[in-house]
Amino acid sequence: MTAENKGYSLTLLNRDNNEKVEKVYLKPMAFYVPEFASGAVEQLINELSLTSENKKGFLLTVTNNNNGVAVDKDFSALEGLKDKTTSAEAVKELVNIVRGYDADEETNVCGW
């Protein structure tokens with residue numbers, strides 16, 4: 001019996017107003033393509049209500065929805081998230097950490 005793939009969630013939290021936006025990806029391997037990863041972050045940014053002077057920063061989170069393992073990275077300013085190279089590297093780093101936890105499990109998670 002094969003378990004249902006619940007995918008990975010990419011979440012962005014605006015710490016100023018505690019607004020959170022999230023999108024689920026069933027094929028998280030795509031996060032290893034920099035253009036895809038930075039585009040996913042950009043999409044989340046576009047869905048957030050942004051304040052003109054964000055003082056508390058942002059929190060980017062990757063969650064494996066199959067086992068609940070989540071890791072996050074703080075960004076003090078929106079500029080770091082808007083930089084395509086920085087955002088793509090951050091997503092890749094977070095996915096690698098989550099996958100490291102997955103490697104300890106006996107099940108095949110999200111097709112890896």
Side-chain angles (χ1 to χ4, degrees):
M1 181 171 142
T2 319
E4 178 187 354
N5 176 11
K6 297 177 186 172
Y8 277 36
S9 292
L10 183 65
T11 308
L12 184 60
L13 172 71
N14 180 341
R15 289 188 184 270
D16 269 6
N17 59 12
N18 288 323
E19 180 186 2
K20 183 187 337 183
V21 291
E22 178 177 85
K23 184 159 184 198
V24 175
Y25 295 88
L26 296 179
K27 297 186 179 188
M29 304 82 79
F31 286 132
Y32 286 111
V33 178
E35 294 80 20
F36 181 86
S38 63
V41 172
E42 182 178 7
Q43 184 179 14
L44 294 178
I45 291 169
N46 291 338
E47 292 179 25
L48 270 183
S49 301
L50 300 173
T51 57
S52 59
E53 290 186 31
N54 183 294
K55 295 183 173 133
K56 296 181 182 175
F58 299 88
L59 186 68
L60 184 66
T61 306
V62 171
T63 305
N64 179 334
N65 296 327
N66 293 291
N67 61 13
V69 173
V71 290
D72 50 45
K73 183 173 180 83
D74 282 304
F75 285 86
S76 59
L78 190 59
E79 289 74 33
L81 284 165
K82 285 187 172 182
D83 180 83
K84 292 182 184 295
T85 302
T86 302
S87 63
E89 282 298 316
V91 171
K92 180 181 173 184
E93 176 185 337
L94 293 173
V95 168
N96 282 336
I97 294 168
V98 169
R99 287 190 63 212
Y101 284 101
D102 293 345
D104 291 339
E105 295 184 357
E106 297 180 277
T107 58
N108 183 10
V109 180
C110 288
W112 270 319

- Task: Could you tell me which non-hydrogen atom of Asn14 sits nearest to which non-hydrogen atom of Ser49, and how far apart they are?
- Result: ND2-O, 3.2 Å
- Of the non-hydrogen atoms in Ala88 and Ala37, which two are nearest, and what is the gap between them? CA-CB, 3.9 Å
- Note on the structure: All heavy atoms of Thr61 vs all of Ala70, minimum pair found to be CG2-CB, 4.2 Å
- Taking side-chain hydrogen bond (donor to acceptor under 3.5 Å, both in side chains) as the test, write out the residues that go with Glu47, two or more places apart. none
- Are Leu59 and Leu10 co-members of a hydrophobic cluster defined by side-chain heavy atoms under 4.5 Å apart? no
- Task: Pick out which of Val91, Asn65, Val98 makes a side chain to side chain contact (heavy atoms under 4.5 Å, CB included) with Tyr8.
- Result: Val98
- Under 3.5 Å donor-acceptor, Asn64 side chain and Arg99 backbone: no
- Sorted by chain and number, sequence neighbours left out, ring-ring contact (aromatic ring centres under 6.0 Å, His included) with Phe31 holds for Tyr25, Phe36
- Rounded to the nearest 0.5 Å, what separation is found between the CG atom of Asn66 and the CG atom of Asn5? 5.5 Å
- Query: Distance from Leu12 atom CG to Leu48 atom CG, nearest 0.5 Å?
  - Reply: 4.5 Å
- Query: Is Leu78 reachable from Leu44 through a run of hydrophobic residues whose side-chain heavy atoms are each under 4.5 Å from the next?
  - Reply: yes
- In terms of hydrophobic clusters joined by side-chain contacts under 4.5 Å, are Ile97 and Val95 together? yes
- To the nearest 0.5 Å, what is the distance between CD (Glu89) and OG (Ser38)? 10.5 Å
- Task: Return the set of residues passing salt bridge (Lys or Arg N to Asp or Glu O under 4.0 Å) with Glu42 (not counting sequence neighbours), or none when no residue passes.
- Result: Lys84
- Nearest-0.5 Å distance, CZ of residue Phe58 to NZ of residue Lys73: 15.5 Å
- Message: I'd like to know if Val24 and Leu13 are part of one continuous hydrophobic network [Ile/Leu/Val/Met/Phe/Trp/Tyr, side-chain heavy atoms within less than 4.5 Å].
- Response: no
- Atom CG of Leu60 and atom CD of Glu93: how far apart are they, to the nearest 0.5 Å? 10.0 Å
- Which atom names give the shortest non-hydrogen contact between Leu81 and Ile45, and what distance separates them? CB-CD1, 3.8 Å
- Query: Okay, side chain of Asp74, backbone of Gly57: is any donor-acceptor separation there less than 3.5 Å?
  - Reply: no
- Side chains of Gln43 and Val21 in contact at under 4.5 Å (non-hydrogen atoms): no
